[in-house]
Amino acid sequence: MIDLSKKDSDISHYKDIWVFIEQTDGKPAAVSFELLTKARELASQRGCGVVAAAVGKSVSHLAADVFKYGAEKFYIIENEIFANYRTEPYRDAICELVIKYKPEVFLVGATTQGRDLSGTVATALRTGLTADTTGQEIDPKTGYLWMTRPTFGGNLMATIYCPKHRPQMSTVRPGVFKAVPVDDPKEGEIISEKINFTEDQIVKKILKKVISGEGAVNLGFYDVIVSGGKGMGSKENFGMIKELADLLGGTWAGSRMAVQLGYIPQSRQVGQTGQTVHPKLYIACGISGAIQHLVGMQTSDTIIAINTDREAPVFDVSNYCIVEDAVKFLPKLIEKLKNMQKFGG
Amino acid sequence: MHILVFVKQVPDASQVRVNYETGTLIREGVPAILNPFEEHAVEEAVRLKNEYGGKVTIITMGPPQASEALKQCLSRGADKAYLLSDRIFAGSDTLATSYALYEGARKIVELEGDVDLFFAGKQAIDGDTAQTGPGIATRFNLPLITYLIKIDELNLEEKYVIATRLTEFGQETIKAPIPVFFTVEESLNILSHSPLPYLIKAEKAEIELLSGKNVPLDKEQCGLKHSPTMVKKAFTPEKRQRGATLSGTFDDVVSQTADKIAPFLKKVS
Ligand SMILES: Cc1cc2nc3c(=O)[nH]c(=O)nc-3n(C[C@H](O)[C@H](O)[C@H](O)COP(=O)(O)OP(=O)(O)OC[C@H]3O[C@@H](n4cnc5c(N)ncnc54)[C@H](O)[C@@H]3O)c2cc1C
Ligand SMILES: Nc1ncnc2c1ncn2[C@@H]1O[C@H](COP(=O)(O)O)[C@@H](O)[C@H]1O
């Protein structure tokens, strides 16, 4: 654990906007570059710099991309012990950097890793954290960061700020901002820091990692989700849902009815008692749109619903409403899409 | 073995409606429920108790009405429940909440003995922050396992646990020493029905009260005034409108739909 007494309590000493560069096995998370792009805009308003920070077994290869998306500096901590993400050593590494270099703002992607990390970092640093935000703005008067986030299942938005504690931390949902490279990327500065702890000081050991197939899956990770409900009629018919999801590079999910009827495992349920998702495209097939389902998906960018009932409530939140029998419609749609994929239209 | 579960009473988010005229939430008549994730945390705790022996203690921070949520946990088989309630906590953000619960939990350790397993829900359905659990774990300096979906092995002699959690890409299995802190997913288990003896016991059970009177608190870390984050404004998001109904012959509708979806098609080489 970090020594809090070393943390500077004078908030005027904190400068620059930092972005945590998340990686898994050396592969960066797309949200990190989205945040760098947003950080550039915030930094120009604030008149400060954009800084990236990464922890891992090896992360220096990320520098080119980090500079391409606008970071001026890249702090890295590389060590064998960071090969896999683990809460405690990552927290201690990030806290060391923050205490030493005093960022004014610290942005993290609201991914599984980012949420796990930011909660513990903010507590260790005794600062505020605004989770799962969808908007970031600098108050022109005070220079404070205004962070906007949905609450109550997306029914209410709240704008939060953190006036007296630094850094101002927030996690930001993937896909909210667009990653745009800078026109003339400059070679930034890489600053490599050492951390002096060793594997035997870390109590958690990772025994096994499984990349998901059919089983438990983090639906939040996908840009496209094809979802089915009771109206799909059978477990076999979910084959169409899966096929469509696959064509779109997305994943499949369903309603609680679909779970209760044994069509899909609970781990793929969307809604109040399942997962909350906000993909770019959500396709709801044979789902009525009960409120418990809607709270889990109504912040999706685009919603397409297929339902035989013209009055189904799911249509009230859908951008495109298709009043058809999904079991007949999906095979045709898949066929058409396959043709487009093959012949480019 | 001693298990401590952190539970929150929340308004049933699915029944909260928005008044688009005033831009506020309509909370009247909205029932308060036990946060769904904690039902699974309590279920798991009781299951482990029944298998390995020991006891399950529950804590919540909230207004007096929150004892309803505690009763529900007792009826699921928890042994004792503590309500941490004091006006000084009003308006706490997550940092101040994790502080209050940390002090409350320390008091419980003093009264009930050391805790081996700590459980919290993945997130509360009203705020959706998912920070309180990690916050408490950090204050106790405990190993944290978030998004728990399975306890694979519990070894009380050698004091370790092997557990599986969700990650961005799938799952990972972790070995950690006891005591350890979990935040749980719903897929951790399937809820059982409360047996009658639990229900009877819950009816009779006394809720233990904790407050500034019996818990030593640093007032500088409590409540709205000492919460680092503040709400600047709250507003209702734009209401989603019903979009276009695609019409025409069946084949027309298929084509129109395909055109909308085409930008998402996976590229084939
Ligand atoms: C505390 C609580 C928590 C809950 N949590 C969740 C949750 O997390 N997620 C969730 O999804 N639900 C949840 N529910 C359940 C929810 O209230 C609904 O019962 C459920 O979402 C309905 O699932 P469905 O839309 O698949 O089924 P139904 O409501 O039965 O709807 C089926 C729909 O399919 C249509 N249909 C039928 N045949 C076809 C066809 N051939 N082609 C196209 N359309 C067709 C019908 O018109 C109908 O609209 C919860 C309920 C409670 C009480
Ligand atoms: N007031 C509270 N009392 C007890 N536990 C809480 C409280 N607030 C949050 N928690 C626990 O922390 C988890 C995450 O809450 P949140 O950070 O609000 O999303 C919940 O699922 C509970 O287990």
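Proteins get letters first, then strands, A, B, ... in listed order; numbering begins at 1 in each.
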Side chain from CB out, backbone as N, CA, C, O: work out which of these in [X] comes under 4.5 Å of a heavy atom of chain B, or both, or neither.
X        : answer
A:Thr299 : backbone
A:Asp246 : both
A:Thr171 : neither

Select, from [options], the one with the greatest count of heavy-atom pairs under 4.5 Å involving chain B.
options                                : result
A:Gln113, A:His165, A:Met147, A:Gln275 : A:His165
A:Lys280, A:Gln298, A:Arg149           : A:Arg149
A:Thr87, A:Asp132, A:Leu247, A:Asp139  : A:Leu247
A:Ile206, A:Ile334, A:Ile202, A:Val295 : A:Ile206

Could you tell me which of [options] has the largest number of non-hydrogen atom pairs under 4.5 Å with chain A?
options                                : value
B:Thr164, B:Ile190, B:Thr245           : B:Thr245
B:Gly135, B:Ala96, B:Ser98             : B:Gly135
B:Asp251, B:Ile261, B:Val180, B:Thr94  : B:Ile261
B:Leu265, B:Thr183, B:Thr146           : B:Leu265
B:Ala176, B:Ser255, B:Pro263, B:Ser247 : B:Ser255
B:Gln256, B:Glu39, B:Lys233            : B:Lys233

key: Stepwise side chain to side chain contact (heavy atoms under 4.5 Å, CB included) check, A:Glu88 with B:Asn141   = CA-CA 9 Å; A:Glu88 296 78 17; B:Asn141 200 13; 5.7 Å; no

inquiry  = Quick one, A:Tyr161 with B:Thr229, criterion side chain to side chain contact (heavy atoms under 4.5 Å, CB included). Give me CA distance, side-chain angles, the key distance, then yes/no.
reply    = CA-CA 6 Å; A:Tyr161 68 120; B:Thr229 58; over 6 Å; no

Per-pair distances, 0.1 Å, donor-acceptor, side chain in residues 123-130 of chain A, under 3.5 Å, sequence neighbours excluded:
unit_1, atom_1, unit_2, atom_2, d
A:Thr123, OG1, A:Gly119, O, 2.8
A:Arg126, NH1, A:Thr123, O, 2.5
A:Thr127, OG1, A:Pro167, O, 2.8

ask   = In chain order, what residues pass the ring pair (Phe, Tyr, Trp, His ring centres under 6.0 Å) check against B:Tyr160, with sequence neighbours excluded?
value =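 Here no residue qualifies.
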
ask   = Going by atom types only, do B:Thr167 and A:Thr112 share a side-chain donor-acceptor pair under 3.5 Å?
value =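 No, A:Thr112 and B:Thr167 have no side-chain donor paired with an acceptor closer than 3.5 Å.
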
request  = Could you tell me whether B:Arg165 and A:Asp116 make a salt bridge, using a distance below 4.0 angstrom between a side-chain N and a carboxylate O?
outcome  =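 Yes, charged N to carboxylate O under 4.0 Å.
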
